[in-house]
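These notes concern the structure reproduced below.
In listed order, ligands and their atoms are each counted from 1. Sequence positions, counted from 1, serve as the residue numbers for this chain.
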Amino acid sequence: MSGRRDSTSCARFVPLDVTDDESVTRTAEWIGAEYGVLDILVNNAGITRGDGGGRPSETTLGTLRAVYETNVFGVVAVTNAMLPLLRRAAAARIVNVSSEVGSIGSMTDPDGPLQMMCSVPYPSSKAALNMVTAMYAKELRDTPIKVNAANPGYCATDLNGRRGFRSPPQGAEVSVHLATLPEDGPTGTFWGHLWTADGDGGYGVLPW
Ligand SMILES: NC(=O)c1ccc[n+]([C@@H]2O[C@H](COP(=O)([O-])OP(=O)(O)OC[C@H]3O[C@@H](n4cnc5c(N)ncnc54)[C@H](OP(=O)(O)O)[C@@H]3O)[C@@H](O)[C@H]2O)c1
């Protein structure tokens with residue numbers, strides 16, 4: 001495209017606050033002006049917060065709203081802003097970075113490793129994100145765009161005080177996999193590493 005950059009030339013930094021409508025719009029306009037198209041959208045931004053001991057009965061609506069602003073509403077805002085650009089790509093991919101703690105099946109398994117976790121804001125935001133993922137996949141099923149949710153596994157990042165037992169590059173691999181799916185790859189799935197996964201064990205489609 002004349003006057004536009006070759007999208008393969010280099011990585012470029014664009015400041016984006018997914019909770020700020022103006023920032024989201026500005027970013028979409030910038031990508032449109034610079035590239036005219038978007039091949040891959042990874043909705044990776046995520047936060048976790050808790051009140052008191054973290055129990056549901058101690059949760060404040062302020063905390064709940066803050067977590068949903070980033071983890072759920074931010075994903076919908078960014079995705080809707082980017083969709084016109086994604087539709088211009090030959091085979092766009094959307095990856096929503098979710099978590100196994102958003103899986104109702106995993107969180108309620110009495111014998112599973114997550115049975116000790118009992119909190120509302122972060123887990124319920126990721127459960128909502130899983131449904132958001134499934135609904136976008138449904139709307140876009142007759143297009144080349146694939147929409148999937150990724151579970152990076154428990155990774156050592158700022159989100160958890162670096163306590164995770166997987167490395168950030170290991171966690172990122174799941175998003176890369178879903179962002180580069182071939183034409184016959186899946187859409188509307190929850191994919192990644194189970195909590196206890198070591199190496200390649202427990203890798204694949206996860207329960208919602
Ligand atoms: N670590 C794990 O074990 C784990 C497990 C499952 C899922 N996840 C998910 O993986 C994703 C990445 O998390 P992480 O583990 O890498 O945690 P992290 O180190 O805390 O990174 C979170 C990222 O989200 C960005 N962010 C937060 N609020 C934002 C906003 N309003 N607008 C734009 N960016 C925002 C942060 O940007 P700034 O640094 O600029 O604030 C940061 O880059 C999250 O969605 C998280 O829920 C993580």
Would you please test Arg12 and Tyr35 for side chain to side chain donor-acceptor pair (under 3.5 Å) and show each step? CA-CA 12 Å; Arg12 297 171 74 195; Tyr35 299 100; 3.2 Å; yes
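Taking 4.0 Å as the cut-off between side-chain N and carboxylate O, Lys126 and Glu100 do not count as a salt-bridged pair. A salt bridge between Arg26 and Glu29 is absent, with no side-chain N of the basic residue lying under 4.0 Å from a carboxylate O of the acidic one.
Between Ser98 atom OG and Leu129 atom CG the span is 5.0 Å, to the nearest 0.5 Å.
Listed by chain and number, residues touching ligand 1 at under 4.0 Å (heavy atoms only) are Leu16, Asp17, Val18, Thr19, Asn44, Ala45, Gly46, Ile47, Thr70, Val97, Ser98, Ser99, Tyr122, Lys126, Asn151, Pro152, Gly153, Tyr154, Cys155, Thr157, Asp158, Leu159, Asn160.
Between His177 and Trp191, the two ring planes are parallel [angle under 30°; tilted spans 30° to 60°].
Applying the side chain to side chain contact (heavy atoms under 4.5 Å, CB included) test to Thr157 and every residue at least two apart in sequence or in another chain returns Cys155, Leu159, Asn160, Pro168.
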